[in-house]
Amino acid sequence: DKQKLFTLNFSATQEIDRIQQQHIIDISNAQTTIQQHETTIQTLQTDLSTTNTTIQQQATTIQQHETIIQQQQQQIADILSRLENLESSA
C-alpha cells in the first residue's frame, strides 16, 4: 500500500512539475509577445506623431496659399476695375 501511494505521489509530483515547466515556457513566450507588441505600439505612436506634425505643417502651408490666392484675386479685381475705369474714360 505504501509503495502504491509513493508511486502515485511521485507520478503526481512529476506531472505537477511538467505542468509548471510548461507554464514557465508559456509565460516567457507571452512576455516576449507583449514586449514585441509594446515595441510595435511605440513605433506606431511615433509614426502617428510624425504624421500629425506633417499634416499640421501642410495645413499651415495650405492656409498660407489660400491667403496668397485671396490677395492675388483682390489684386486682379483691382486691376480689372482700373482697366474698366480707363476704358470708360477713354
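Quick note: residue numbers are just sequence positions, from 1.
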Might you work through the side-chain contact (heavy atoms from CB on, under 4.5 Å) test for Gln57 and Thr60, ending with a clear yes or no? CA-CA 5 Å; Gln57 290 169 343; Thr60 300; 5.7 Å; no
When rounded to the nearest 0.5 angstrom, what distance separates [atom1] in [X] from [atom2] in [Y]?
{"X": "Gln20", "Y": "Thr13", "atom1": "CD", "atom2": "OG1", "answer": "10.0 Å"}
{"X": "Asn29", "Y": "Ile34", "atom1": "CG", "atom2": "CD1", "answer": "11.0 Å"}
{"X": "Thr51", "Y": "Leu44", "atom1": "OG1", "atom2": "CG", "answer": "10.0 Å"}
{"X": "Gln74", "Y": "Asp78", "atom1": "CD", "atom2": "CG", "answer": "4.5 Å"}
{"X": "Gln58", "Y": "His65", "atom1": "CD", "atom2": "NE2", "answer": "11.0 Å"}
{"X": "Leu48", "Y": "Thr53", "atom1": "CG", "atom2": "OG1", "answer": "9.5 Å"}

Under a 3.5 Å threshold, yes or no: a donor from one side chain and an acceptor from the other, between Asn52 and Gln56?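 Judged by distance alone, the side chains do not pair up.
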Going by heavy atoms in the side chains, are Thr7 and Lys4 under 4.5 Å from each other?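 Of all side-chain heavy-atom pairs linking Lys4 with Thr7, none is under 4.5 Å.
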Within the structure provided, determine whether Ser28 and Ile24 are in side-chain contact (heavy-atom separation under 4.5 Å).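 Side-chain contact under 4.5 Å: no.
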Could you go through the side-chain contact (heavy atoms from CB on, under 4.5 Å) check for Gln42 and Gln45 one step at a time? CA-CA 5 Å; Gln42 184 62 41; Gln45 286 175 331; 3.6 Å; yes
Does Ser89 reach the main-chain N or O of Leu86 with its side chain, forming a donor-acceptor pair under 3.5 Å?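 A pair under 3.5 Å: yes.
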Steps toward side-chain contact (heavy atoms from CB on, under 4.5 Å) verdict (Ile25, Gln22): CA-CA 5 Å; Ile25 291 169; Gln22 186 59 49; 4.2 Å; yes
